[in-house]
Every structure is written in C-alpha cells, then in structure tokens.
Amino acid sequence: MAVADIVKRCQDMYEDLNFTYAREWKAAKAGRKVVGFLPVYAPMEMIHAAGCLPLGIFGGGDQMEVIHGDAYYQSYICRIPRSTIELGVTGRVDFVDGMIFPFVCDVIRNLSGIWKMMFPNVWSKFFDTPQNFDPSIGGDYYAVELQELREGLEQLTGRKITDDDIRRSISLYNENRRLVREVYAFRAKEPWKAPTSEVYVLMRAGLMMDVEEHNQLLKDYMAAAAAEDRPKRDNVRIAIYGSFCEQPPLNLIKSIEMAGCYVVEDDYSLVNRFITEDVPVDGDPVRNLAMSFITHSVETSCKYVPKLGEKGKYHVAQVKQCGAEGVIYATPSFCDPALLDRPMICSALTEAKIPYISFKYAENSGQMQPIREQAGTFADSIKLWS
Amino acid sequence: MSTEAAKEPSMLMQKEMIARNYEAITSKHETGRKVSSTFVPGNLNELLMCFDIVNNLPEINAIQAGMRKASGGYIMEAEKSGHSEDVCTYVKADIGQMSKGNIAPNGKPYPDPDVLMLSYTGCYTFMKWFELLREQYKCPTLMLHVPYEGDGHSTKNMRDYIVKQLKEVVIPGLEEVSGVKFDIDRLRGYLKNSAKAEDDLVWCLEQGKHKPSPIDAYFGGVYYIGPIFTAFRGTEDAVKYYEMLRAEVQGRIDRKEGPLTPEGTSFNDQKYRLVVEGPPNWTHFREFWKMFYDEGAVVVASSYTKVGGMYDLGFRHDPDNPLESLADYCLGCYTNRNLPTRVDILAKYVEEYEADGLLINSIKSCNSFSAGQLMIMKEVERRTGKPGAFIETDLVDPRYFSAANVKNRLESYFQMIEQKRRGGGSKTVAA
C-alpha cells in the first residue's frame, strides 16, 4: 500500500464521527461489545482480553458543531467534555456498551458522573490510576483496581476473562507499542519522510481499530514511507508538549509543519505510548500490567512527580534524545493539568537552554494564521540564533 | 461596607484561635516548631498535631488575602510570571503573595514550610499546587493519594491504599521532619476531641431545618466550619468553640431568631430558604451576603460546608480505628464524591430543609466543584420540582465578581420562586 492510501484510510477513520469501523466490527459477530475510553491512558489489553473493541474517544474535533454540549458546561471549561457529550446526545456513540473515563483532571473525572446520569444503561467507569509509584503501595492498589476493571468487563460481556486471555492481549499490545515506538523513532530520524500530520492520524486510527490490523498498518506505513522519495527541507526540529488530552485540529499540526517545523516529539494521544517498555507476558498478567504502569510509564501532567528537582527533566531528556531544537508548549484553553504544569516545564527547558514558545488552542480552533506566524517566527529564531 | 462586622462570642473566639495559629506559624524560628502547609479537604490535622507540627493552610491564606482585598494584586503578579489566566486563583494568590513579601495577616512574614503535606482529596489542582510550591521551598513533600469515589462509594482497596500510605509514607515522613516519634494513643486522644466537635457541628448545621432558620448555612456556615476544617480539629479549643456555637444557635431557636447579619441585626424576616452549591466569593463576601439578606433569602444548607468532611452523613473520626478513620474521612469529603452522589445529597437537602430551591454559585477557578454543575442543577430541579438558579463568580479574583449581574440573577430567581409559590406555571426554568 502506498503512503497516501494508508494515510487516507486513517484520516477517514479519524474524521468519521459516526465510528463506522467500530459499528461494523460490532455488527460482524453477535455478542460483540465496544468499550470507549477517553484520554489519556486506559489498559487496552484488558478491554481486548474481554473480547471487546477498545475505542478511543477524543472529543468531536473541529468537524462537529457543538449545540447540546454547551448547555452542560460553563464558558471557562475546556471543549472536550462538551463535544463528548455532543457525541452522546446526538447518538453517535449509541452503540458503545461501556465507557472508561481515565484520570486526567477534575473535568474528565466529573464527566464520568454526568455519563452515568445521562446514559444509565451504559457501563461506565472512572478509572483512577495511582499517584503513589511504590510497587508495594501504588502497585498493589492498582493491581486490585485492574482486577475490579476485569470483573466489571466480565459483567458487561457475560464471559470470564482468563489469565491467558490477558496474556495474549498483552503480547499483541506489546507488539503494537514496539511498532508505535519504531514509527516515532523513524519520524525523529527522518521527519521529512514521516510528517506528523500523517503519523498523527495513523495513531488516532489505531486507537479505533483492532490491534492486529493496526500492527499491520504500522508495518505497511513504515515500509511505504521509507521507500518514498520526499525532499528534506530546511526545517527546525521541535517537540510539542501540553497536548495530551483535548487534541488540536489536524490543521494546526499541518500549520506548524508548514511554518518550517519538523515535529520530532509530541505528547498527542499518548495512550499507545503510555507504557514505555514491553509488559512481561509470563506470571500474573494483572500484576504485570500494574507494575508496568508504576515503573515504565511516561511522565505527563496527569501524573505526580514524586521527587524534588525532577519536574520537567523527563521532557528535557526526551527533547535531547530526539534531537529537537526547541519546544512548542501547546495547550488546550482551560486545561488545568497542562497549564498548571507550564511554568515548571518551561522553567526546566530554560535551565537546559532549550528555546520554547507556548500558545493555547481548542479542538475546533479554526484560525491558523496566528499559529503559523508564531511557529514560523520561532523556527526562524532557532535557525538564526540557536 | 467598610464598617466592622458585628461578631458573636463564638466568632470572637475563632478569631482569637486563628490569630494564635498565625502567631505560631510566623514565630517558628523563635519557637523551633515545625510548620506544614496542607489543604482543607482531607486535612490530617490530628496527625500533624501528633508531631507538634503547626498547620498552615494556603487555601485559607488565599481566602484571607481575598477578604482583605489583596488577592487581586497577587493574582496579577503570578500571571505576570507565567501562570495562566485560566487556572485556579487560590494557587495564583498564594504564588503571587510570595513575590510580594509573603506577609501573614498578623503582619509578620510567613516562614518557609518544613513539609508540604499533600493530602490530595477531591481536587486535582492540589497536586500541581504543591509541585509548584515544592519548586519554591525545596522542602520534603508527603503525598497522600486519595482515590475518587467514581462509583459512588469507597472500597476496601481504596481504604487499604490510604492506610498503607499513612503508615509507610506520611507517618515516617512526619517523624523525620519533626524528630517526634509517632504515638497512636496521642492520635486517639485527638480523634476523640474531633468526634465531640463534629457532633456539635452537625447539630448546628441541622438547625437550618427550623423556621426561621437560626443559622445561615453558607455565609454564616463558613464561620461555623472554620475551626474544624482548618488547624483546630482535634483540639480542646475546637470542642469548646462548638459547644459555644451550639449554645448560641440554641439561644436563637429559643428566641425564634434568625442568624446575626454583619450589621448586627437578627435576620428574622426570612422569605426564601435556599440550598447553595459551590464555594462563596471571598473578595466581595459581605456585599454578596447582603444581596441575600436584603432580599430575605437565608441559606438553610450548603455543600461548601461539607468540603472538609461530610459529618452530617454520619461519619465521625473514630479513636478505635484511627488510621482507617482518617482514610474514611479523606474519602468522604464532598468533592471526592461522584456527581450522582452530589445530586442525591443536594436533592435531599432541598427536601429535608424545606428549601425553595437550589442556587449554584459556580466558581471559575474550581473545576472540581464547577464541571457538571449545570447537570446537577437540572437533576435536582427534576427530582424536587423546585426551581434552580445559576450565578458565576470566582474565589479570590475580583475581576470575576460582577455585582450587578449577580444581583440581577438573584432577583430574577426570587421572582421565580414567588411565581412558583403562587402556582404560576408548572415548568421550572433556571434563572
């Protein structure tokens, strides 16, 4: 398959707010269930092991008009909960049997309660990951939470989830994570061959399709992109942080690239990168999932950083590892986690002499000229003075 | 508005207790006592007392700054240094205050805390707030993660997790900071005091069921909860304070009087009985309160007075199960409960306190409270058949208090209640 074909397929899925793929997947076999999840991390292995399709729901993007959703939120609350409600009220996710609301912030946390009230027939779960990262404290707690999630999914589907079911799913998702890491490494090495506007839709589509199919797609994309002859431009290499929950419109990513930036690192839709190493397959699979979260997961604003002096070091290390020359800290308006973190992360960048700019967006931002100008000026300043 | 507010003996006692605590905080270099910073919801005051640690609460300091009209300048100072206009103004008031000399209400500088006791209950911002303060103070931070009651109840796993953190992180950490060995019997003694004070607090709050109500459970309520939500839960002083408060409330019931207004008059002509959800605005506190009693509106129950513990639902600190009881306390604070539970609580208040309806004061700064409040209002209206109303202000940012807008909305709401009483229209529409 050519790059253009793969990207078109992914972009069609990404833009499809009727979730046709998931609907068809469910309809293909009696008894199948779909379980949606919001950013920023959900243990997809467990959903998959239950025989369900994990469906990443990242709001409504810039293609959907929010009418009903605005009646549920004040003007000073971000857009993703409004558009998620819009998806629910307009019946676009009426086929979804379960919803997982992972811990991101108080807004998404409270959305889980709204969902329970609005859609009482949908199994919905607020999924609280630990903020204590001691394996014998937070790890033990999280293992039991995962076990409770397992039991909830068993009730939803009416079938037992065996340890072997989970092990099989872990293997598939380990492969997925390995391939995802390869794609990002490929992008960091030769960003002109794997622009972020393509990688982004490839990843977003992956959070809406069967994992084995996505694994194949990732392999196909890397092979096709490596073979394609694309010119290397005189762009600067930048990392983007602060965009882990409400996602920017695709046009914003394209605008940054058009302004002379190669995005070589980002925190968009982190789900399939949240765990950074293979989850062990042997032994107690629930414990293995818990410990992988505790010991090998990314640093993001939704997680507490236990050690003094460590805040932002992860970002600095990532920037250095991927050879980025600067950072764009791009956050959704009213995003508490990203905006409260911003002074600390930016201070760590300053200390490491990494230039940065910051701006805010919404998932339906439409005016890209200021973004292009800001990103372009930033790129020029790096080229001229860094 | 500039005149000194009339105060009852319990208020004067509380004022003296608070002054003493500020003195203890600001004199730490002379006394050698250690100071912790911590939060109101899920605060572990009894535990801190076991280590002779003085409890300083940045939220309360921000409120103090708000009431003294100083918070606006602090917030702008923080925004100038890169803190977003979108985030919590308590945080910005606290951070801005540091760059303005960090002066306590007694005129002396706040000393740096020796420990940040991050009991993280019901509010995500707490975690970031102390990450920010830790950058500044570079002192030990003890995190107590309290899981959210997403399914409407706590579980054994949640409780075990908290107890384990108390045993393996918090207590050893406080021992190290203070040099004092933990004595569980000392904790039991303090918890016994807590339970006594909690009994009296609940009694006082429940008197809002009387007509006229002898209390205002929102504007007056913030004074009633002062000692128990802050640095005094577990002390003999708090026990005495609540005995005194109880006697005052009983006296008003006997005399069939309403609560005392800041102007010193008894608020007896109560036309409207409200349940209020959300924190108050602090920068215009008296002006805000006056809008209510001028119109004859008394608040008979509120959710804000449950933010530091839901004692009216039966919880008491339990000396026989000290650590488990602290865990249950943290889990049960109002904003740690899911939205369906909050709807249940508020609808119950409207019914049991025979209120005319639910008023929501939606706070720009506080997503923990605010996200979902419009749904809460609709649900409570649906269940009780009583009209709801929605006003918007902020905690300590004066830029977000629009007196005219708030007053207009309140007046419309009271008209709506009148109309409802006269049987005019069966539909309930939010003001």
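Quick note on labels: first sequence line is chain A, next is B, and so on, each numbered from 1.
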| request: Would you mind telling me which of A/Gln131, A/Glu145, A/Lys307 has the largest number of heavy-atom pairs within less than 4.5 Å of chain B? | output: A/Gln131

| note | Interatomic distance, SG@A/Cys335 vs CG@B/Asn367, rounded to 0.5 Å, equals 10.0 Å

| query | chain B heavy atoms under 4.5 Å from A/Lys360: which part of the residue, side chain, backbone, both or neither? | reply | side chain

| note | Applying a strict 4.5 Å limit to non-hydrogen atoms, the region of B/Ile363 in contact with chain A is backbone

| query | Do B/Asn157 and A/Glu148 pass the side-chain hydrogen bond (donor to acceptor under 3.5 Å, both in side chains) test, and can you show the C-alpha distance, the side-chain angles, and the key distance before you say yes or no? | reply | CA-CA 10 Å; B/Asn157 188 40; A/Glu148 286 176 10; 4.8 Å; no

| task | Heavy atoms only, distances under 4.5 angstrom: which of A/Pro81, A/Cys105, A/Pro130 has the most pairs with chain B? Name it, please. | result | A/Pro130

| Donor-acceptor under 3.5 Å (A/Arg109 side chain, B/Gly122 main chain) | yes

| Between A/Val107, A/Leu308, A/Thr331, A/Leu339, which residue shows the highest count of heavy-atom pairs closer than 4.5 Å to chain B? | A/Leu308

| task | Under the side-chain contact (heavy atoms from CB on, under 4.5 Å) rule, what do B/Glu131 and A/Val305 come out as? Steps first, then yes or no, please. | result | CA-CA 8 Å; B/Glu131 281 185 348; A/Val305 174; 3.9 Å; yes

| field | Under 3.5 Å donor-acceptor, A/Asn110 side chain and B/Gly372 backbone | value | no

| request: Check whether A/Ser358 gets within reach of chain B through its side chain, its backbone, both or neither, counting any heavy atom under 4.5 Å. | output: neither

| Where does B/Tyr120 contact chain A at under 4.5 Å (heavy atoms): side chain, backbone, both or neither? | side chain

| task | Could you check B/Ser365 against A/Tyr76 for side-chain hydrogen bond (donor to acceptor under 3.5 Å, both in side chains), going step by step and ending with a plain yes or no? | result | CA-CA 9 Å; B/Ser365 275; A/Tyr76 49 78; over 6 Å; no

| Is chain B contacted by the side chain of A/Asp336, its backbone, both, or neither, given a heavy-atom distance below 4.5 Å? | both

| query | Which region of B/Leu118, side chain (C-beta onward) or backbone (N, CA, C, O), has a non-hydrogen atom less than 4.5 Å from a non-hydrogen atom of chain A, or is it both or neither? | reply | side chain

| Intermediate values then yes/no, side-chain contact (heavy atoms from CB on, under 4.5 Å), A/Asp128 and B/Met158 | CA-CA 10 Å; A/Asp128 209 355; B/Met158 293 175 182; over 6 Å; no

| A/Ile77 CD1 to B/Gln373 CD distance, which is reported to the nearest 0.5 Å | 8.0 Å

| In terms of heavy-atom proximity below 4.5 Å to chain A, should B/Glu392 be classed as side chain, backbone, both, or neither? | side chain

| Criterion side-chain contact (heavy atoms from CB on, under 4.5 Å) on B/Glu149 and A/Phe126, from CA distance to verdict | CA-CA 8 Å; B/Glu149 293 188 354; A/Phe126 173 70; over 6 Å; no

| request: Look at A/Glu310 together with B/Arg134 and state whether they make a salt bridge at an N to O cut-off of under 4.0 Å. | output: no

| Taking B/Lys128 for the side chain and A/Ser301 for the main chain, is one N or O donor matched with an acceptor at less than 3.5 Å? | yes

| note | Greatest number of non-hydrogen atom pairs under 4.5 angstrom with chain A, of B/Val169, B/Asp151, B/Val91, B/Val343, falls to B/Asp151

| Nearest heavy-atom neighbours spanning B/Gly82 and A/Pro343 | O-CG, 4.0 Å

| said: Which atoms of B/Lys378 are under 4.5 Å from chain A, going by heavy atoms: the side chain, the backbone, both sets, or neither? | reply: side chain

| message | Using a 4.5 angstrom heavy-atom cutoff, name the option from B/Gly150, B/Ser84, B/Cys139 with the most pairs to chain A. | response | B/Ser84

| request: With the side chain counted from C-beta on, respond yes when A/Asn132 and B/Met143 share a heavy-atom pair under 4.5 Å apart, and no when they do not. | output: no

| note | Under 4.5 Å to a heavy atom of chain B? For A/Cys346 that would be neither

| field | Interatomic spacing from CG in B/Leu339 to CH2 in A/Trp115 - rounded to 0.5 Å | value | 14.0 Å

| task | For the pair B/Asp86 and A/Ser333, evaluate side-chain contact (heavy atoms from CB on, under 4.5 Å) and give the outcome as yes or no after the intermediate values. | result | CA-CA 7 Å; B/Asp86 292 353; A/Ser333 294; 4.2 Å; yes

| said: Between A/Tyr73 and B/Ser370, do the side chains contain a donor N or O and an acceptor N or O under 3.5 Å apart? | reply: no

| note | dist A/Tyr304:OH -> B/His145:NE2 (nearest 0.5 Å) comes out at 12.0 Å

| field | Engaged part of A/Pro337 at the chain B interface, taking heavy atoms whose separation is under 4.5 Å | value | both

| Atom pair CG/OH of B/Asp160 and A/Tyr141 - distance to nearest 0.5 Å | 11.5 Å

| message | With a 4.5 angstrom heavy-atom cut-off, is it the side chain or the backbone of A/Arg342 that approaches chain B, or both, or neither? | response | side chain

| Which bit of A/Ile137 comes within less than 4.5 Å of chain B, counting heavy atoms only: side chain, backbone, both or neither? | both

| note | Cut-off 4.5 Å, heavy atoms of chain B, and the answer for A/Phe103 is side chain

| said: Quick check for you: among B/Cys366, B/Cys88, B/Ser362, B/Gly152, which has the greatest number of heavy-atom pairs under 4.5 Å with chain A? | reply: B/Ser362

| query | Judged by atom type as modelled, is there a donor-acceptor pair below 3.5 Å linking the side chain of B/Lys164 to the main-chain atoms of A/Ser136? | reply | yes

| query | Is it the backbone or the side chain of B/Asn338 that comes under 4.5 Å from a heavy atom of chain A, or both, or neither? | reply | side chain

| How long is the gap from CE on B/Met127 to SG on A/Cys302, to the nearest 0.5 Å? | 7.5 Å

| query | Taking every heavy-atom pair that is under 4.5 Å apart, which of B/Phe130, B/Trp129, B/Phe369, B/Tyr124 has the most such pairs with chain A? | reply | B/Tyr124

